[in-house]
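Reading through the structure tokens given below for one structure.
Numbering of ligands and ligand atoms starts at 1, following listing order.
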Amino acid sequence: MTKIGYIVGSISSTSLNRTLAEALAKLAPEGVEFEEIAIKDLPFYSADYDAEFPQVGTDFKNHIESVDGIVIVTPEYNRSIPGVLKNAIEWASRPYGSFSFGGKPVAVLGGSPGAIGTAAAQQHLKAVLSHVNAIVMGQPEGFVQVAPGLITDDREITNEGTKAFLQSYLDAFLGLVARVEKANA
Ligand code: FNR
């Protein structure tokens with residue numbers, strides 16, 4: 001069984017990026033399991049926590065380290081990534097010297113009602129992920145314009161072109177995960 005974690009870069013109760021993440025999970029082939037790595041309970045990171053790292057931070061780091069690959073599905077806020085997502089990456093990067101994303105295959109995906117589909121945020125996110133030593137999938141890039149009705153309540157994708165793209169995006173990522181697994185064997 002291949003375990004893929006997903007992180008949603010929004011804590012909105014109506015997040016369209018959550019629906020996108022859940023729709024992607026539905027495209028997973030047999031033998032691949034998706035599970036959310038939640039960020040909403042993480043407090044604001046401070047270096048004060050390093051001396052006595054809280055359980056919520058340790059649990060978050062352990063969850064990241066326990067999966068074979070991670071898809072980060074994020075909105076764009078003000079042409080960058082939401083603060084809640086950056087905060088979560090701070091937690092995963094500490095205490096000093098313990099990068100939970102290190103050596104982990106990570107794909108970046110995002111949806112927005114606007115035409116550029118989070119492209120600016122993804123550039124920033126990829127730079128941050130490189131710093132914390134993740135193995136970031138460069139291509140394909142995943143910019144999704146989420147028009148009303150694109151994703152149903154059952155997390156089905158109604159546009160065949162978008163569905164085919166997301167399937168090929170997921171296949172490419174699972175290929176990267178398999179290559180990393182083989183290299184580490
Ligand atoms: C946005 N939105 C937005 N969209 C975009 O394409 N580029 C941007 O820079 C921004 N900036 C931005 C800032 C803030 C503070 C908010 C609240 C929103 C719109 C955004 O794409 C839209 O609200 C999405 O629905 C957010 O994703 P979730 O939270 O629904 O997953």
Side-chain angles (χ1 to χ4, degrees), residues 4-28 32-46 56 59-60 63-64 67 69-93 100-101 104-132 134 136-170 172-173:
I4 302 295
Y6 67 90
I7 293 175
V8 179
S10 166
I11 56 171
S12 160
S13 60
T14 58
S15 169
L16 63 83
N17 282 278
R18 176 173 304 286
T19 65
L20 180 58
E22 290 169 357
L24 184 76
K26 280 198 100 167
L27 300 176
V32 175
E33 214 169 60
F34 268 70
E35 58 191 43
E36 181 170 7
I37 302 176
I39 64 172
K40 71 174 178 15
D41 294 331
L42 291 167
F44 288 135
Y45 172 78
S46 157
V56 67
D59 289 348
F60 180 63
H63 202 172
I64 289 172
V67 296
I70 296 173
V71 184
I72 300 181
V73 187
T74 186
E76 177 173 290
Y77 278 6
N78 298 314
R79 294 287 178 264
S80 189
I81 58 174
V84 288
L85 177 58
K86 185 67 165 42
N87 182 57
I89 296 171
E90 261 67 288
W91 276 105
S93 72
S100 297
F101 281 105
K104 194 70 68 183
V106 179
V108 173
L109 180 70
S112 124
I116 67 159
T118 73
Q122 291 192 29
Q123 286 297 316
H124 289 185
L125 179 55
K126 284 177 173 172
V128 174
L129 289 170
S130 295
H131 175 74
V132 296
V136 182
M137 183 167 80
Q139 296 289 340
E141 297 176 300
F143 310 138
V144 183
Q145 185 173 18
V146 183
L150 177 72
I151 301 169
T152 68
D153 290 349
D154 294 333
R155 306 304 184 241
E156 298 293 341
I157 298 158
T158 57
N159 179 293
E160 285 308 316
T162 304
K163 188 174 179 178
F165 166 74
L166 287 173
Q167 187 70 67
S168 63
Y169 175 92
L170 178 59
F173 183 55

- Task: Verify the distance criterion only: is there a donor paired with an acceptor across the side chains of E156 and T152 at less than 3.5 Å?
- Result: no

- Query: Protein residues near ligand 1, heavy-atom distance below 4.0 Å?
  - Reply: S10, S12, S15, L16, N17, P75, E76, Y77, N78, R79, S112, P113

- Query: If only atom types and distance count, is the side chain of N159 paired as donor or acceptor with the main-chain N or O of L150 below 3.5 Å?
  - Reply: no

- Does the gap between the ring centers of F60 and W91 come in under 6.0 Å? no

- Would you call E22 and K26 a salt bridge, taking side-chain N to carboxylate O under 4.0 Å as the test? no

- Give a yes-or-no answer on whether the side chains of S12 and S10 include a donor-acceptor pair shorter than 3.5 Å. no

- Item | Heavy-atom closest pair, residues A92 and I64 | CB-CD1, 3.7 Å

